[in-house]
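Below: one structure, written as structure tokens.
Throughout, a chain's letter reflects where its sequence line sits, starting with A, and its residues are numbered from 1. Every heavy atom of this structure was used, including side-chain atoms; hydrogens, water molecules and symmetry mates were not.
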Amino acid sequence: MFIQFRSLLFELSKLHQTLSKTKHLHALIIKTHLSNDPFYATRIIRFYAINDDLFSARNLFDETPHRSVYLWNSIIRAYAQSHKFIDAFHLFKHMLSSETKPDNFTFACILRACSENFDLQRLRLVHGGVVVSGLGWDSIVSSSLVTAYSKLGPVSEASIIFNGILEPDLVLWNSMIFGYGCCGYWDKGLLLFSRMQSMGRQPDGYTLVGLISSLADPSLLEIGQGIHGFCLKNGFDSNTHIVSVLVSMYSRCKCLNSALKVFDSLLEPDLVTWSALITGFSQFGDSEKALIFFKKMNMEGKKADPILIASLLAAIAQLAIVGPGSEIHSYVLRHGFESEVMVSSALIDMYSKCGFLRLGIQVFERTLERNTISYNSLISALGLHGLASDAFVIFKEMLEKGCEPDESTFSALLCACCHAGLVRDGQEYFRKMTDEFGMEAKTEHYVHMVKLLGMAGELEKAYELVQSLPEPVDSGIWGALLSCCDALGNFELAEKVAQQLFEHKPMKCTYKVMLSNIYASDGRWDDARKLREAMKGGMGKMPGVSWIGGNSGL
DNA sequence: GACATATGGT
């Protein structure tokens with residue numbers, strides 16, 4: 001009888017359980033004195049984690065006296081997967097001082113948490129721990145290291161790890177190809193792809209997803225088509241991951257016809273594939289088609305998720321037509337997505353960019369669980385409408401509520417200062433960001449500072465700021481300075497700045513147009529003509545489009 | 001038993 005009961009428990013503990021069933025199972029296991037069995041404890045922690053009940057998971061962990069590696073791994077993973085990185089790191093530290101030593105799975109989990117938490121410093125520290133534990137050559141750990149480093153930027157460190165492994169397994173090849181791709185080195189990824197084949201290694205779906213996702217520019221269309229051909233020849237064309245990434249690759253390459261063709265080739269597109277197509281239309285094609293396909297998807301009985309809604313709203317915000325935006329808003333209300341922060345923030349953004357700040361504020365007020373993203377959306381909305389002092393008040397409120405500001409928060413604040421011409425406040429927020437919040441100023445922040453100083457007439461100060469930055473200075477920062485020179489008619493400085501920009505080849509056409517305008521307004525028609533002629537054949541500046549929506553619902 | 005690489009957005 002007991003044996004039977006035990007095997008029933010065993011079977012139950014293998015199935016995915018709801019929270020109430022998990023609690024029931026937990027109680028049964030305590031009753032039968034099996035609660036110290038690491039197998040059950042591990043499974044139950046996993047079920048609690050799946051059901052978002054970290055509290056019970058933690059209780060169980062704390063109450064289990066004999067903690068196996070499995071048990072440690074499952075609790076650390078529970079925290080990491082719920083994005084409670086600080087708790088995960090804390091437990092990991094605790095584990096290091098316990099008698100159970102971390103294994104390759106523990107390290108894999110912590111390494112991933114480092115990259116998801118954008119914590120390069122900790123990543124290096126954990127990497128050190130990996131080396132000390134002698135797990136540097138483990139295939140699971142090394143692929144995690146490669147992915148983590150590439151996601152955080154220093155892909156060169158990832159390739160050092162990759163090159164240090166004599167016989168990389170398929171996962172490691174895939175991680176490195178994906179790593180190059182996510183850092184923009186599609187060419188290195190492609191080289192690796194051909195190298196692995198020449199060594200007789202067959203790629204799988206992951207390889208191709210990593211490779212294709214790195215192609216994001218119309219100039220790479222032919223390469224994308226080539227790889228698409230490879231997928232067709234090798235039977236990868238029914239893999240939904242690959243089809244989705246092909247759809248978004250074709251969209252990013254501005255080839256929506258092909259995106260649609262690939263999409264149509266799939267008998268049962270899933271939500272991600274639909275979403276790739278709709279996002280493609282809204283960002284790179286036409287938003288009306290995006291809305292048509294969105295309706296079509298709904299008619300086929302597929303329900304959108306918060307990611308798709310946020311993407312649609314971003315597209316509508318760019319178009320600045322409120323009509324479809326409010327349609328989506330009612331969809332959100334009908335489907336109960338209003339509590340999703342991603343959605344409510346996108347709504348705030350959409351309304352404010354469509355000129356309906358009031359409606360955006362209403363959405364914010366109805367958002368009960370506000371996080372950094374919601375505050376960021378409201379601060380940038382207020383800033384956009386020139387209401388810098390209101391933005392400052394919201395920032396204060398955000399801090400009082402214990403909500404941590406991030407880089408985008410300061411970007412929104414600086415942008416608000418720019419719109420209102422508040423140099424002092426801008427400088428103060430810039431100082432706060434670095435001194436009080438210990439954040440490193442990024443390109444976008446410098447762009448705002450340069451605009452703020454430049455447009456206030458302090459071009460020299462702006463120039464000094466740019467010169468004080470370590471090389472190479474992002475061309476966006478020089479570009480911001482150039483546009484200030486343009487606006488203020490300072491031809492002398494414009495020339496200096498333009499020279500800096502020319503050194504960054506290829507120089508963006510918009511800067512060339514700006515410079516030629518500057519030459520023209522200075523009466524230097526020859527220079528202007530030369531620059532214009534040099535641009536012929538290349539892509540011109542996008543024509544400016546402005547309108548008042550015909551069907552804006554006003 | 002715990003488990004490394006992947007698709008849509010921010």
Would you please classify the geometry between the [Y] ring and the [X] ring as parallel, tilted or perpendicular, with 30° and 60° separating the classes?
X: A/Phe107; Y: A/Phe92; answer: perpendicular
X: A/Phe437; Y: A/Phe410; answer: tilted
X: A/Phe85; Y: A/His83; answer: tilted

Any residue in residues 259-271 of chain A with a heavy atom nearer than 4.0 angstrom to DNA chain B? Just list them by number, or reply none.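 Contacting residues: A/Leu271.
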For the side chain of [X], starting at C-beta, report the closest nucleotide among [options].
X: A/Asp169; options: B/dA2, B/dA4, B/dA6; result: B/dA4
X: A/Tyr70; options: B/dA2, B/dG9, B/dT7; result: B/dA2
X: A/Ser143; options: B/dA4, B/dG8, B/dA6; result: B/dA4
X: A/Thr279; options: B/dA2, B/dG8, B/dA4; result: B/dG8
X: A/Ile307; options: B/dA6, B/dA4, B/dG8; result: B/dG8
X: A/Gln283; options: B/dG8, B/dG9, B/dT7; result: B/dG9
X: A/Lys151; options: B/dA6, B/dG9, B/dA4; result: B/dA6
X: A/Thr42; options: B/dT7, B/dA6, B/dA2; result: B/dA2
X: A/Asp103; options: B/dA2, B/dG9, B/dT7; result: B/dA2

Spatial distance of atom CD1 (A/Ile242) from atom OG1 (A/Thr273) [nearest 0.5 Å]: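 These two atoms lie 11.5 Å from each other.
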Take the protein atom [atom1] of [X] and the nucleotide atom [atom2] of [N], then report the distance between them rounded to whole Å.
X: A/His241; N: B/dT7; atom1: NE2; atom2: C1'; result: 5 Å
X: A/Ile165; N: B/dA4; atom1: CD1; atom2: C1'; result: 12 Å
X: A/Trp72; N: B/dG1; atom1: CH2; atom2: P; result: 23 Å
X: A/Ile45; N: B/dG1; atom1: CD1; atom2: P; result: 17 Å
X: A/Leu172; N: B/dA6; atom1: CG; atom2: P; result: 13 Å
X: A/Asn376; N: B/dG9; atom1: CG; atom2: P; result: 20 Å
X: A/Lys303; N: B/dG8; atom1: NZ; atom2: P; result: 22 Å
X: A/Ile75; N: B/dG1; atom1: CD1; atom2: C1'; result: 16 Å

Full working for ring pair (Phe, Tyr, Trp, His ring centres under 6.0 Å) between A/His90 and A/Tyr79: CA-CA 10 Å; A/His90 194 80; A/Tyr79 280 109; 9.9 Å; no
In sequence, state the C-alpha distance, the side-chain angles, and the governing distance for A/Trp173 and A/Phe193, and then conclude on ring pair (Phe, Tyr, Trp, His ring centres under 6.0 Å). CA-CA 8 Å; A/Trp173 280 102; A/Phe193 178 68; 10.0 Å; no
Test: A/Lys295 and A/Glu300 ion pair at under 4.0 Å: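 Result for this pair is no, no salt bridge flagged.
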Just checking, A/Lys233 and A/Phe230: is the charged tip under 6.0 Å from the six-membered ring centre and within 45° of the axis?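 No, cation not above the ring by the 6.0 Å, 45° rule.
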Students often get this wrong, so: under 4.0 angstrom with heavy atoms, is [X] touching a base, only sugar-phosphate, or nothing?
X: A/Ala314; answer: sugar-phosphate
X: A/Asn104; answer: nothing
X: A/Ser74; answer: nothing

